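Below you'll find the structure, written out as structure tokens, and then a few comments.
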Amino acid sequence: MEASSSSRELRARDYLEKHRIMELLNYLTTHLIFFQPDKPREYLISLLERLRIAKITGVAFPFFMDHSNIVSMFEMMDTSNKGTISFVQYKQALITLGLCTTDEVLKDDGHVITLDKFKHEVSRRSQEICSAFNTLGRTKEKDSESYQTATELLLLH
């Protein structure tokens, strides 16, 4: 019985990784926390629609952090105004933004993180997520079905 359970967990984990579901859920959750809309379900439906359109048309992936937000976030962490943050702060910021998972291993080279490095890494990871969602290789019909299913689930709750 335990082997069967372990096998199901492994298949579930593989499925989630293959389709990058955890990244998507993290992205959606981060958006909710950042914007705190009055109607969260409708907001999520709108966001999923924008993601679907971005994937189908190749237009820019909707990312909520612009240059000034990234700078502001960095400045909040750099309380001593040294122009640097610690590696721990850097990783936590990436997790908070949905650009890194808690179990992801990042290389700590012992150097502090500058604003330029922080901006570069946020931009790079955002682009990776964007390209991953844009190249999952589904047909338009399948995308529409997935979007419709997600919409129905959100409306049911």
Side-chain angles (χ1 to χ4, degrees), residues 1-67 69-70 73-74 76-77 85-109 113 117-157:
M1 181 94 151
E2 192 170 308
S4 175
S5 175
S6 176
S7 174
R8 277 194 304 247
E9 287 179 25
L10 184 58
R11 284 195 316 268
R13 186 182 350 240
D14 289 345
Y15 177 83
L16 293 174
E17 286 176 9
K18 177 182 176 185
H19 297 286
R20 300 189 62 133
I21 301 299
M22 298 313 294
E23 289 91 338
L24 176 61
L25 292 176
N26 200 3
Y27 176 83
L28 294 172
T29 304
T30 302
H31 262 262
L32 279 177
I33 292 168
F34 186 81
F35 289 110
Q36 298 183 5
D38 291 333
K39 297 180 178 182
R41 288 181 186 90
E42 288 84 354
Y43 178 80
L44 287 172
I45 291 167
S46 169
L47 186 57
L48 286 169
E49 176 66 14
R50 286 186 286 155
L51 289 170
R52 185 181 71 83
I53 291 169
K55 182 176 176 185
I56 291 170
T57 64
V59 298
F61 187 74
F63 186 64
F64 67 93
M65 294 292 286
D66 64 15
H67 175 76
N69 296 131
I70 295 169
M73 183 177 207
F74 184 89
M76 285 189 291
M77 293 182 290
I85 58 173
S86 72
F87 182 80
V88 172
Q89 290 172 308
Y90 164 71
K91 182 171 182 179
Q92 188 56 53
L94 293 178
I95 291 169
T96 301
L97 292 172
L99 300 174
C100 174
T101 61
T102 54
D103 58 344
E104 183 176 346
V105 177
L106 298 176
K107 183 182 174 197
D108 182 359
D109 59 8
I113 309 299
K117 181 174 181 175
F118 183 68
K119 287 191 301 187
H120 172 76
E121 193 63 16
V122 168
S123 176
R124 184 185 70 76
R125 286 174 175 268
S126 300
Q127 289 302 318
E128 282 178 7
I129 291 173
C130 174
S131 62
F133 284 116
N134 286 333
T135 60
L136 282 176
R138 294 181 176 167
T139 64
K140 288 182 183 180
E141 294 79 27
K142 187 110 176 168
D143 284 342
S144 180
E145 288 174 23
S146 298
Y147 169 73
Q148 183 176 358
T149 302
T151 303
E152 289 168 356
L153 287 172
L154 287 169
L155 288 173
L156 290 174
H157 296 300

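Not measured: the values here are computed from a predicted model. Heavy-atom basis, side chains included; hydrogens, waters and symmetry copies ignored.
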Just by modelled atom types, is the L25 backbone N or O under 3.5 Å from a matching donor or acceptor in the T29 side chain?
yes
If you count the non-hydrogen atoms of other residues, nucleotides and ligands that lie under 6.0 Å from CG in D14, is the total more than 12?
yes
Is it true that E121 and K117 have a side-chain N and a carboxylate O under 4.0 angstrom from each other?
no
When rounded to the nearest 0.5 angstrom, what is the spacing between CG in L24 and CG in L47?
8.5 Å
Hey, could you give me the CZ/CZ distance between R13 and R8, rounded to the nearest 0.5 Å?
13.5 Å
For the atom pair CD1 (I85) and CE (M73), what is the distance rounded to the nearest 0.5 Å?
8.5 Å
I need the minimum non-hydrogen distance between E104 and K91, along with the two atoms involved.
O-NZ, 2.7 Å
Ring-plane angle category for F118 and Y90, please: parallel below 30°, perpendicular beyond 60°, tilted otherwise.
perpendicular
Is the shortest heavy-atom distance from the side chain of L28 to the side chain of L48 under 4.5 Å?
yes
Out of curiosity, L32 CG to R41 CZ, how far, rounded to the nearest 0.5 Å?
10.5 Å
Could you give the distance from CD1 (I70) to NZ (K119), rounded to the nearest 0.5 Å?
8.0 Å
